[in-house]
Amino acid sequence: PNRIAASVSGKPVTATPSSSSSSKLPLRKIPGDYGLPFIGPLRDRLNYFYFEGRDEFFKSRIQQHQSTVFRVNMPPGPFVAPDPRVVALLDAASFPVLFDTSLVEKRDLFTGTFMPSTNLTGGFRVLSYLDPSEPNHAPLKKLLFFLLSSRRHAIIPEFRRTFGSLFDTLEAELAKKGKADFGEANDRAAFDFLARSLLGKDPVETKLGLEGPKLITKWVLFQLGPLLTLGLPNYLEDFFLHSFRLPPALVRGDYNRLADFFWESAGPALDEADRLGISREEAVHNILFATCFNAFGGMKILFPSLIKWVGRAGARLHGRLANEIRSAVRANGGEVSMRAMESMPLMKSVVYETLRIEPPVPLQHGRAKRNLVVESHDARFEVRAGEMLFGYQPFATKDPRVFDRAEEFVAERFVGDAGEAMLRHVLWSNGPETEAPTTENKQCAGKDFVVLVARMLVVELFLRYDSFEIEVGSSALGSSVKMTSLKRATF
Ligand code: HEM
Ligand code: 243
């Protein structure tokens with residue numbers, strides 16, 4: 001596993017994968033420079049968003065520097081981020097240093113080199129922005145663990161109900177118009193599902209009505225705008241979206257409506273907050289953030305990605321999945337349960353392969369707590385205390401020195417003992433898939449929940465359909481996917 005060597009006091013600590021022998025690699029000065037103040041960050045930002053695009057931006061610099069570790073400015077830069085300078089880590093060897101909270105600090109850098117105003121989160125620095133060394137990190141993470149485990153029984157039935165009706169909607173739209181947008185239906189189903197499963201509340205029966213997803217999407221845009229492209233004319237978009245923060249006051253009313261919904265619905269979790277010594281108010285804003293940003297935002301990116309990769313893989317894979325999934329459900333007395341899903345190795349592998357080839361949240365950061373040494377496959381690099389480390393996860397999980405056919409979607413990649421052994425290189429949750437979130441680390445609190453819902457989406461799809469076809473486009477958050485055919489189950 002990617003382990004971090006023990007620290008040697010006085011000397012820089014080495015962050016190294018145990019598989020390679022650290023001492024043999026040459027020490028190299030980190031290549032790349034930040035250019036002139038203001039000009040350098042602006043040039044890098046325009047290249048990242050518009051002239052090169054994200055993947056090419058990193059690829060071309062790896063070529064230029066002949067190194068997967070180099071210095072570069074990350075967006076947004078001026079005037080949103082006080083200091084855009086990072087050391088980029090672009091391979092599977094160097095990336096895992098970001099998981100070692102003894103070496104990197106994870107305070108206020110959830111979204112990167114800038115932090116959205118706390119006016120967008122009820123005045124609180126919510127859990128995602130806390131370093132594990134801060135006193136509220138552990139109790140708040142415990143609160144979310146409690147929420148998820150106390151509602152465990154509701155997850156499978158509520159998922160089947162909400163996503164069953166998503167597919168009914170898609171079929172009706174497809175019949176009428178010849179295509180059906182997955183994204184819009186997914187937003188509705190995801191929010192309904194989260195509210196019903198985690199809070200036991202149907203949003204339609206409250207003042208929110210059907211507006212939840214719309215309110216959340218706008219609120220997310222106010223936080224992540226500096227990192228996104230919306231497809232507006234380049235310079236105009238760069239000026240309005242990446243150069244200044246959108247004023248939180250413009251989304252305050254929307255946020256308050258969401259907060260009212262959580263005040264009304266999160267009762268039992270708020271009682272648990274009392275027991276953990278967290279104020280009910282801080283708990284409300286944290287549960288709102290976990291549900292609406294972490295969970296809803298994550299499903300908004302991951303679900304279209306799953307449909308896209310499974311859809312593109314074609315009818316032969318669809319047939320194999322339908323076979324496996326239906327046999328396992330039948331063998332389980334017709335019930336979709338955790339146990340039934342455990343006996344679907346191809347389905348499980350397809351979910352992990354999607355999370356590998358397109359990690360839903362591709363950007364991770366950590367600030368060096370002290371002088372340390374980072375290793376790529378080829379060299380060692382000295383990083384100074386206080387410098388910002390940045391990893392572009394797709395280049396770690398598609399590293400050709402770790403994965404065969406790294407750029408290809410290989411459905412059965414994680415099947416069998418050898419396949420499962422590769423799960424330690426699947427990193428979507430901000431940690432290896434073989435490890436678990438704890439109150440001491442920064443691994444995603446929703447890790448198991450996310451894997452479960454992703455599995456259920458694939459199961460539901462192939463219980464209903466033999467095969468399907470899609471059309472893929474891009475959007476601000478993740479892919480835009482439209483269904484162009486849904487072939488009803490025939491066996
Ligand atoms: C942290 C991804 C769903 C709660 C993270 C991080 C990632 C991530 C990459 C680490 C961020 C960083 O520190 O750099 C995702 C994805 C999701 C998802 C892709 C869905 C597809 C969820 C859900 C929850 C959740 C359902 C609900 C509880 C959290 C929390 C943290 C976190 C609380 C911060 C953990 C800590 O401070 O120790 N997530 N997440 N996430 N996620 Fe998720
Ligand atoms: O690919 C892209 O352009 C999307 C960039 C998203 C950057 C998100 C930064 C936030 C960091 C971690 C998020 C973790 C989650 O739990 C859920 C992500 C939901 C985003 C709306």
Side-chain angles (χ1 to χ4, degrees), residues 48-49 53-55 75 98-99 101 104-116 125-134 136-149 151 155 187 190 193-194 197-198 216-217 219-230 269 286-306 351 354-355 358-367 389-394 427-431 436-454 457 474-479:
Y48 176 98
F49 285 122
R54 193 159 68 190
D55 278 52
L98 293 169
F99 306 147
T101 48
V104 303
E105 189 191 46
K106 296 280 292 184
R107 186 189 164 100
D108 294 346
L109 44 69
F110 179 64
T111 53
T113 54
F114 74 106
M115 180 180 167
R125 288 173 58 242
V126 291
L127 175 57
S128 287
Y129 292 93
L130 302 184
D131 186 78
S133 66
E134 298 183 74
N136 276 0
H137 179 271
L140 285 170
K141 205 164 180 178
K142 274 189 199 144
L143 177 64
L144 294 185
F145 290 153
F146 168 84
L147 177 67
L148 293 166
S149 74
R151 300 292 305 170
I155 294 173
D187 282 0
F193 160 66
L194 291 166
S197 66
L198 297 180
I216 297 170
T217 303
W219 170 69
V220 167
L221 179 73
F222 273 62
Q223 297 168 74
L224 296 182
L227 300 177
L228 304 179
T229 53
L230 303 177
N286 272 279
I287 294 168
L288 187 162
F289 193 86
T291 309
C292 299
F293 191 100
N294 298 125
F296 176 82
M299 290 173 78
K300 192 174 168 61
I301 300 173
L302 175 59
F303 276 23
S305 167
L306 265 169
V351 167
T354 302
L355 290 163
E358 191 168 63
V361 177
L363 319 171
Q364 272 85 47
H365 298 78
R367 196 178 288 286
L389 299 172
F390 153 74
Y392 185 52
Q393 197 186 132
L427 310 174
W428 73 269
S429 64
N430 198 42
T438 68
T439 53
E440 280 76 51
N441 65 26
K442 282 293 285 181
Q443 193 160 8
C444 177
K447 176 176 177 261
D448 294 346
F449 180 88
V450 170
V451 171
L452 173 60
V453 297
L457 180 67
S474 58
S475 84
L477 279 176
S479 306

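Both counts, for ligands and for their atoms, begin at 1 and track the order of listing. All figures in this text were calculated on a predicted structure; none of them were measured in a lab.
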Any side-chain donor paired with an acceptor under 3.5 Å for Lys141 and Asn441? yes

Close N/O pairs between ligand 2 and protein, under 3.5 Å:
from	atom 1	to	atom 2	distance (Å)
ligand 2	1 (O)	Arg54	NH1	3.4
ligand 2	1 (O)	Arg54	NH2	3.2
ligand 2	3 (O)	Arg54	NH1	3.2
ligand 2	16 (O)	Asn294	ND2	3.0

Angle between ring planes, Phe110 versus Phe293, binned at 30° and 60°: parallel, tilted or perpendicular? tilted

Could you check if a side-chain atom of Leu302 sits within less than 4.5 angstrom of a side-chain atom of Leu355, using non-hydrogen atoms only? yes

Pick from Val220, Leu224, Thr111: which one makes a side-chain contact (heavy atoms from CB on, under 4.5 Å) with Pro116? Thr111

Apply the ring-ring contact (aromatic ring centres under 6.0 Å, His included) test between His365 and each candidate in Phe390, Phe114, Tyr392, Phe99; give the one that qualifies. Phe390

Measure the shortest side-chain to side-chain distance between Pro394 and Arg54 over non-hydrogen atoms and say whether it is less than 4.5 angstrom. no

Do Leu230 and Leu221 have side chains that approach each other closer than 4.5 Å (heavy atoms only, starting at C-beta)? yes

Exactly which residues line ligand 1, taking a heavy atom under 4.0 Å from it as the test? Lys106, Phe110, Leu127, Ser128, His137, Lys141, Leu144, Leu148, Asn294, Ala295, Gly298, Leu302, Pro360, Val361, Gln364, Trp428, Asn430, Asn441, Lys442, Gln443, Cys444, Ala445, Gly446, Phe449, Val450

Give the ring-plane orientation class for Trp219 versus Phe289, where under 30° counts as parallel, over 60° as perpendicular and anything between as tilted. perpendicular

Going by heavy atoms in the side chains, are Ser128 and Asn294 under 4.5 Å from each other? yes

